[in-house]
Amino acid sequence: MRNLLFIFFFSTSFGQQITKVDFESMNATVYPNAIEKTISGEVKFEFKVLSLIDTISIDAIKMDFESVKINGKLVKYKSDSKTLKLVEGFKKGKNSLTFSYKAKPKQTLYFIGSETDLQIWTQGQGKFTSHWLPSFDDVNEKVIFNLNIIFDNHFEVISNGVLHHTEDIPMNNSKKWQYQMQKPMSSYLVMLAIGKFSKQSSKTKSGTPLEFYLDENDSAKFESTYRYSTQIFDFFEKEIGVNYPWKIYRQVPVRDFLYAGMENTTATIFSQDFVVDDTGFNDKTYVNVNAHELAHQWFGNLVTAQTGKHHWLQEGFATYYALLAEKELFGEDHFQWKLYEMAERLQQASSTDTVPLLNEKASSLTFYQKGAWALHYLRAQIGATNFQKAVKNYLKKYGYKNVNTADFLKEVNAVSTFDTTTFQQIWLEKAGFEVNDALQLLRKNSSMSSYLELVDMQNNSFLEKKGSLIEIMQSFLFYPIKEEVIYQLAEIPYEEKKELLQLALSTQNLKVRQAIARIMVEIPIDFQASYETLLLDDSYITKEIALGTLWRLFPEKQTDYLNLSKDWIGFNDKNLRILWLTLALMTKEYEMQQKVNFYDELIEYSSPKFESSIRQNALTNLLFLNPNDENILRNLVNATTLHKWQFTLFARNQIRELVKTERHKKYFEEMMPSLNEAEQKQLKRLLE
């Protein structure tokens with residue numbers, strides 16, 4: 001999973017239970033109810049009692065139970081807001097447990113939209129599957145999960161494993177989807193996704209079926225969104241040396257997902273923001289997240305860290321193997337550049353981010369990116385071949401089990417004489433980042449060496465380095481080096497740098513040209529026509545920057561710029577459309593008869609009808625245009641109730657700023673009675 005600090009909660013009581021009870025399989029039939037936002041079901045567990053135990057616990061958050069039976073007989077049980085406790089009826093050896101349950105989850109299972117645009121999806125890691133399915137918060141309890149899902153037959157239903165069977169239920173227009181797993185996994189990897197999805201299929205070199213899903217409205221974006229997916233899969237099987245450990249692999253984007261992606265076993269859920277067309281692919285791609293989540297099928301799902309202390313064995317590995325996949329696709333220079341960007345972030349954070357890698361309280365940056373750098377350093381020291389052998393042996397030895405750092409380093413010791421004790425002390429147990437070791441490795445790459453030499457020149461006078469900058473811009477050097485040339489020109493007077501700007505534009509490299517858009521706060525008249533060519537680039541980011549800059553600097557051509565861009569939409573967050581509406585509203589005399597429609601469209605984008613990324617863009621611009629509009633303020637309050645914490649944080653911060661004025665405080669107080677209960681609760685907190 002990406003961009004999430006995930007701590008494994010390892011309970012002593014459950015740790016003791018695992019040594020005495022082994023839950024082997026679950027077969028469950030579940031009924032999601034989109035109207036009530038509930039889920040109910042019938043569950044059957046097969047388990048073995050290995051030694052004497054008084055109470056057996058199953059995690060179940062705020063669930064109601066009926067017909068609890070062990071080995072076919074009704075039994076007494078205890079249930080609180082967190083667990084189902086079995087206190088009688090089980091015997092040493094094999095047992096079966098059956099029961100019915102119902103829950104109304106406040107997290108982990110999310111109901112998005114309604115009716116035709118309905119989506120239902122789960123996000124188990126960090127929030128626990130036990131909110132919607134009785135299961136085990138302890139990652140060391142691995143179970144074979146088989147789910148049957150009963151739902152409206154007009155929707156697609158996705159879960160873990162092979163879709164063994166579907167069956168229509170005509171009496172209520174429902175359908176039963178029967179999914180089966182063959183191997184055990186931790187509960188946090190159980191998933192469910194329901195929506196109006198289109199599907200395309202492929203097959204890997206080894207014969208594994210791949211299924212790609214998109215919202216029905218995005219059917220034209222399959223190739224650009226899922227580009228390189230099959231190549232990444234084939235590369236991983238070759239590079240890792242262990243065949244994909246499951247029977248099938250699916251990927252599905254959902255709206256308002258909490259993070260970039262989540263590697264549920266056999267079925268990754270990812271953010272709708274990564275659904276892109278060909279132009280969007282030039283700015284933002286799913287490639288890295290795609291590779292990261294797929295790598296987790298080995299690192300995290302096949303072998304799972306015993307506790308949060310060893311979480312880098314999942315996120316560090318997934319991050320590093322995603323980079324190796326990008327190296328395979330885009331080359332050595334790209335790989336080294338991504339490593340450099342990580343090193344720069346780690347070095348910048350090192351003064352405040354002081355928790356070491358081998359600590360359950362480490363930051364996401366540490367788990368993911370320092371973990372990846374630790375592996376890169378290790379691979380460089382023992383050689384790629386030995387590293388591959390160690391990883392292969394590690395996965396084969398501990399497949400479908402739980403691991404710790406010592407288990408991995410033991411396999412490194414078996415194939416090399418490398419001092420893993422010192423490695424652990426410096427890279428895993430010491431805070432900060434080993435910047436000198438990183439730079440030493442980076443400088444072995446000629447492109448990175450050239451880039452770092454250029455960075456060292458940034459304080460030199462322009463006259464002193466101009467010849468070198470021109471030479472770089474006329475060369476075939478890797479594009480980040482040319483980007484750095486542009487950034488070093490930011491404060492240089494136009495007359496001195498215009499030759500370099502023209503050279504940069506003529507490279508036709510989208511990233512280099514985008515750098516020009518970023519640095520040009522003012523545009524001289526003789527550069528205006530050249531700058532306007534950026535409006536034609538196949539980049540939604542470049543178009544957004546250039547349109548805003550040109551509209552601001554050349555009011556006499558605002559109508560021309562708006563006419564040129566009136567059909568632009570942009571990314572999933574409608575960045576270009578929302579910018580266009582804002583500029584159209586601010587442009588005097590522009591389509592006066594349409595102003596109200598433009599404003600209404602912008603207001604609608606801020607409403608709950610749309611995904612949070614669209615709403616946030618619209619709200620930001622609307623608060624600039626008209627912060628006194630009650631419709632905007634209502635949509636802002638509603639935004640505080642969404643499950644997506646990044647969006648609610650934005651909304652809360654905006655309201656905190658607004659209520660500093662008495663006028664806005666009064667607006668919010670007066671609308672309070674007309675708000676729903678959840679909105680009132682959030683607004684009261686902010687007003688108080």
Side-chain angles (χ1 to χ4, degrees), residues 1-10 123-128 137 139-140 186 188-189 258-264 268 270-271 288-289 291-326 338-339 341-379 391 394 398 402-409 412 423-435 437-438 645-646:
M1 181 167 44
R2 197 163 171 85
N3 297 328
L4 170 62
L5 174 57
F6 172 46
I7 298 174
F8 291 91
F9 290 87
F10 185 75
Q123 164 50 12
Q125 189 166 355
K127 298 295 183 184
F128 304 119
D137 292 345
V139 298
N140 294 279
S186 301
Y188 76 91
L189 297 165
L258 292 162
Y259 302 99
M262 176 62 204
E263 69 280 5
N264 313 290
T268 285
F270 65 97
S271 169
N288 183 270
V289 176
H292 181 104
E293 307 307 340
L294 176 57
H296 271 309
Q297 299 297 324
W298 288 266
F299 306 105
N301 300 9
L302 177 60
V303 293
T304 310
Q306 292 171 352
T307 69
K309 178 180 179 180
H310 306 284
H311 191 44
W312 81 284
L313 292 173
Q314 295 175 194
E315 299 303 347
F317 270 85
T319 303
Y320 188 55
Y321 273 85
L323 286 186
L324 291 175
E326 289 194 67
K338 292 298 181 182
L339 283 167
E341 289 184 315
M342 284 186 181
E344 194 172 41
R345 284 190 287 271
L346 289 162
Q347 177 61 12
Q348 289 171 352
S350 61
S351 61
T352 54
D353 193 350
T354 57
V355 179
L357 185 56
L358 207 57
N359 188 311
E360 66 179 17
K361 295 182 180 179
S363 69
S364 295
L365 183 68
T366 298
F367 276 137
Y368 288 70
Q369 299 189 17
K370 187 177 179 183
W373 252 105
L375 291 171
H376 182 62
Y377 177 81
L378 176 63
R379 187 171 182 262
V391 169
Y394 163 70
Y398 297 104
N402 294 80
V403 290
N404 58 42
T405 300
D407 295 328
F408 172 62
L409 294 181
V412 175
F423 167 77
Q424 179 167 325
Q425 291 169 349
I426 294 175
W427 279 91
L428 309 183
E429 296 174 346
K430 179 183 171 185
F433 180 63
E434 301 305 308
V435 65
D437 288 342
W645 65 267
Q646 301 93 328

Exercise. Between atom CD of Glu263 and atom CH2 of Trp298, what is the distance when rounded to the nearest 0.5 Å?
Worked result: 13.0 Å

For this session: Indicate yes or no for a side-chain donor-acceptor contact from Asn288 to the backbone of Glu326 under 3.5 Å, with no hydrogens or angles considered.
Result: no

Exercise. Checking Glu434 side chain against Trp427 main chain: does a donor-acceptor pair fall under 3.5 Å?
Worked result: no

For this session: Mind listing the closest non-hydrogen atom pair of Gln306 and Asn140 along with its distance?
Result: O-ND2, 3.0 Å

For this session: Take the angle between the ring planes of His376 and Trp373 and call it parallel below 30°, perpendicular above 60°, tilted in between.
Result: perpendicular

Exercise. Do side-chain atoms of Gln646 reach the backbone of Leu258 as a donor and acceptor pair under 3.5 angstrom?
Worked result: yes

Exercise. Considering all heavy atoms of both residues, which atom of Ala431 and which atom of Pro356 are nearest to each other, and what is their separation?
Worked result: N-CB, 4.1 Å

Exercise. If we only count heavy atoms from C-beta on, is the Val391 to Phe299 side-chain gap below 4.5 Å?
Worked result: yes

For this session: Kindly indicate whether the side chain of Ile426, heavy atoms from C-beta on, has any atom under 4.5 Å from the side chain of Tyr377.
Result: no

Exercise. Just by modelled atom types, is the Gly316 backbone N or O under 3.5 Å from a matching donor or acceptor in the Gln369 side chain?
Worked result: no

Problem set entry | Where Phe367 and Gly308 come nearest, the two heavy atoms and their spacing | CZ-O, 3.6 Å

Seminar exercise, completed: For Val139 and Ser186, the nearest pair of non-hydrogen atoms, with its separation, is O-OG, 2.6 Å

Problem set entry | Lys370 side-chain N/O to Gly432 backbone N/O, donor-acceptor pair under 3.5 Å | yes

Exercise. Measuring from Thr307:OG1 to Asn404:CG, what's the distance to the nearest 0.5 Å?
Worked result: 8.0 Å

For this session: Report the C-alpha separation of Thr268 and His296 in whole Å, then their side-chain angles, then the decisive distance to 0.1 Å, and conclude whether the side-chain contact (heavy atoms from CB on, under 4.5 Å) test is met.
Result: CA-CA 10 Å; Thr268 285; His296 271 309; over 6 Å; no

Problem set entry | Ala374 versus Trp312, closest heavy-atom pair with distance | CB-CZ3, 4.5 Å

Exercise. Less than 4.5 Å apart, any side-chain heavy atom of Lys309 and any of Asn359?
Worked result: no

For this session: Could you grab the distance from atom CD of Gln348 to atom CD of Glu344, nearest 0.5 Å is fine?
Result: 5.0 Å

Exercise. Within the side chain of Gln123, is there an N or O that forms a donor-acceptor pair under 3.5 Å with the backbone of Gln125?
Worked result: yes

Exercise. So Leu313 and Val303, side-chain contact (heavy atoms from CB on, under 4.5 Å) or not? Walk me through it.
Worked result: CA-CA 9 Å; Leu313 292 173; Val303 293; over 6 Å; no

Exercise. Could you give the distance from CG (Leu323) to CG (Leu339), rounded to the nearest 0.5 Å?
Worked result: 5.5 Å

For this session: Show your reasoning for whether side-chain contact (heavy atoms from CB on, under 4.5 Å) applies to Val403 and His310.
Result: CA-CA 8 Å; Val403 290; His310 306 284; over 6 Å; no

Problem set entry | Sub-4.5 Å side-chain heavy-atom contact between Gln314 and Asn301 | no

Exercise. Run the side-chain contact (heavy atoms from CB on, under 4.5 Å) check on Met342 and Leu365 step by step: do they pass?
Worked result: CA-CA 9 Å; Met342 284 186 181; Leu365 183 68; over 6 Å; no

Problem set entry | Gap between atom OG1 of Thr405 and atom CG of Leu357 - 0.5 Å precision | 7.5 Å

Exercise. Between His292 and Tyr368, does the ring centre distance come in under 6.0 Å?
Worked result: yes

Seminar exercise, completed: Output for pair (Leu409 CG, Leu378 CG), nearest 0.5 Å, gives 7.5 Å

For this session: Would you indicate whether the side-chain heavy atoms of Glu293 and Phe270 approach each other to under 4.5 Å?
Result: no

Exercise. If you take all heavy atoms of Ala372 and Tyr320, which pair is closest and at what distance?
Worked result: O-CD1, 3.6 Å

